[in-house]
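Just below is one structure, and these are the notes that go with it.
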Amino acid sequence: MTAPKTPDTPYAPPRIFGPEYRTATVGILLCVTLVAFEGMSVGVVMPAISRELDALDLYGMSFSAFLIAGLFANVVAGLWSDRKGHALPFVAGVGLFVVGMALAGAAGNKELFVLARVVQGLGGGSTIVAIYVMIARVYPPEARGKVFAGLSAAWVVPAMVGPAVAGLVADSVGWRWVFYGICPLVVPALVMLLPALRQSSHEAAEPEPGAALRILSAAATAAGAGLLLFGIDKLHAAPLAGALETVGGLVLLVIGLPRLLPRGALRLARGLPTTIMMRGMYSAAFFGVNSFIPLVLIQVQHFGTTQAGIALTTGALGWSTGSYLQSRRAHAPEKLLRLGATAVLFGVLLTMLTALPSFSGWIAVPAWIVAGLGMGIAVTTVSVTMMKQSPEAEQGKNSAALQVMDTLGSALAIGVGGALINLIGHAPDRISVGFVVIALLMGAVALTAVVVASRIRS
């Protein structure tokens, strides 16, 4: 869309819910909502799944399988989108996601359920990257910030009602219908996105010379992340074996990860490389603490499960508000990223008070509203800035790099946090100490983001 040529006619900025973009916007938001609902719901029904499938270790295995498969799919889908357009990786991703949901619902043993999580991860990873590329190809630059704000908002409803709905479904008709129920909802989203998928057709680009090497690098990175997380999880029980696996995972990451990121990313080169890396910093700082807030509230502050979930819900509301505010007025992206990182830093440090019995655990609510607000401002800004810094032929590859850092940042932070909790101890006073250490480490990550925000300028 371009400004009209008639001088007397005011230019109307594109509206993502206007006639031209309405169906694409609703379809995209519905897809993201379904993926988000799955992510928010699995943890709630996992105890019932564990009991029925007799798999006490299902928690870690299932989440890791989804995570690592999604990381690999991010890269493959990005290359595929750059080469052939976003239509095929999107349809393939949605199809795999639905197949994975059906397999999970039908799983009769632990192995099949973990396989289903792998298939879901492949589907979800491919779908999200294809959606990023779809936004770049379908919407004009001035509308993309609003679409990315909409994506963040699409996580709010699942964050607020997903666990309750999943629990109600599991109690009334069984946990399997938490997975089965999502499958038919994909159909209207696909129908609405048919016009946007047709816009994927463009002249095929030449195959990237290093495409095969990038896929191998993605496999090495995924295997390295999986081995690293597995090793970290074993450190407290089997230090030698855990250390060897951790080192092996790090070696694979060192080999594979640099080829999945823009040149100079690991040394925070100016421009796009730093933009990509900052996504990992934000995810690490926020989710590295977010995952342990319920633990400290329940074990130290003696909250119930529902009470402990309120802090995470308010974080989702803060995130959506930050995304909305970011989209309302144009500011220099480095200022927005610095503001977002500062808010995350403040929220993370404030949550440390929840680990002290002399303070009310409800302080987690304002703390996580502030942290979520910072994430809403920062994550949307990173996404929009990455698109502006990427040539059209590299939008898929750079979207994949963004997702790789998002996944690695949160996964590694959570893994390190879990290792610290296991190492320091599980008694309430030991959990308090462990949570404070985690918050300090993640606060250091957020502080790093504050310092390097100006380096996104080329």
Side-chain angles (χ1 to χ4, degrees), residues 35 63-86 88-97 100 114-115 117-133 136 205-231 245-266 272-273 275-277 279-280 283-284 383 386 390 393-415:
V35 174
F63 288 118
S64 296
F66 182 90
L67 171 75
I68 302 307
L71 189 155
F72 179 73
N74 289 158
V75 177
V76 175
L79 289 169
W80 196 356
S81 296
D82 286 339
R83 178 72 179 96
K84 296 289 187 180
H86 58 266
L88 288 176
F90 176 80
V91 173
V94 170
L96 284 170
F97 184 74
V114 172
L115 174 62
R117 292 292 286 164
V118 169
V119 176
Q120 289 173 31
L122 291 172
S126 180
T127 299
I128 293 300
V129 170
I131 283 176
Y132 270 52
V133 178
E206 291 297 320
E208 184 181 338
L213 184 57
R214 279 179 59 79
I215 292 176
L216 289 175
S217 298
T221 302
L227 186 60
L228 177 63
L229 293 175
F230 187 71
E245 290 161 357
T246 300
V247 171
L250 286 172
V251 169
L252 287 174
L253 280 175
V254 169
I255 293 172
L257 183 59
R259 298 185 183 277
L260 305 180
L261 304 176
R263 187 185 299 273
L266 296 181
L272 178 64
T275 301
I276 297 291
M277 292 300 292
R279 180 62 166 264
S283 294
S383 299
M386 180 276 293
S390 301
E394 297 180 1
Q395 287 168 342
K397 179 175 69 176
N398 291 336
S399 295
L402 204 67
Q403 293 302 313
V404 166
M405 286 310 305
D406 186 52
T407 299
L408 279 179
S410 56
L412 296 182
I414 293 169

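Note that this is a predicted model, so its numbers are computed, not measured. In what follows, every heavy atom counts, from backbone to side chain, and hydrogens, waters and symmetry copies are set aside.
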[X] and [Y]: which non-hydrogen atoms are nearest, and at how many Å?
X: L266; Y: M277; value: CD2-CE, 4.0 Å
X: A69; Y: L122; value: O-CD2, 3.5 Å
X: F90; Y: I131; value: CE1-CG1, 3.8 Å
X: L227; Y: G248; value: CD2-C, 3.7 Å
X: S217; Y: G256; value: CB-O, 3.4 Å
X: A265; Y: L261; value: CB-CB, 3.7 Å

Please round to the nearest 0.5 Å and tell me the distance separating atom [atom1] of [X] and atom [atom2] of [Y].
X: L408; Y: L228; atom1: CG; atom2: CG; answer: 9.0 Å
X: T221; Y: L260; atom1: OG1; atom2: CG; answer: 4.0 Å
X: F66; Y: T407; atom1: CZ; atom2: OG1; answer: 9.0 Å
X: L272; Y: L402; atom1: CG; atom2: CG; answer: 9.0 Å

Can you check whether V404 reaches L257 side chain to side chain, under 4.5 Å on heavy atoms?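 SC-SC contact between V404 and L257 confirmed.
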Scan residues 250-266 for pairs that pass salt bridge (Lys or Arg N to Asp or Glu O under 4.0 Å), counting only residues two or more places apart or in two chains.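 Listed once each, the pairs would be none.
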Tell me which pairs pass salt bridge (Lys or Arg N to Asp or Glu O under 4.0 Å) where either residue lies in residues 65-78, with sequence neighbours left out.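 The answer is none; no pair qualifies.
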Among all residues two or more places apart in sequence or in another chain, which pass the side-chain hydrogen bond (donor to acceptor under 3.5 Å, both in side chains) test with [X]?
X: S283; value: D406
X: S383; value: R279
X: S126; value: none

Non-neighbouring partners of V247 that pass side-chain contact (heavy atoms from CB on, under 4.5 Å), sequence neighbours left out: V251
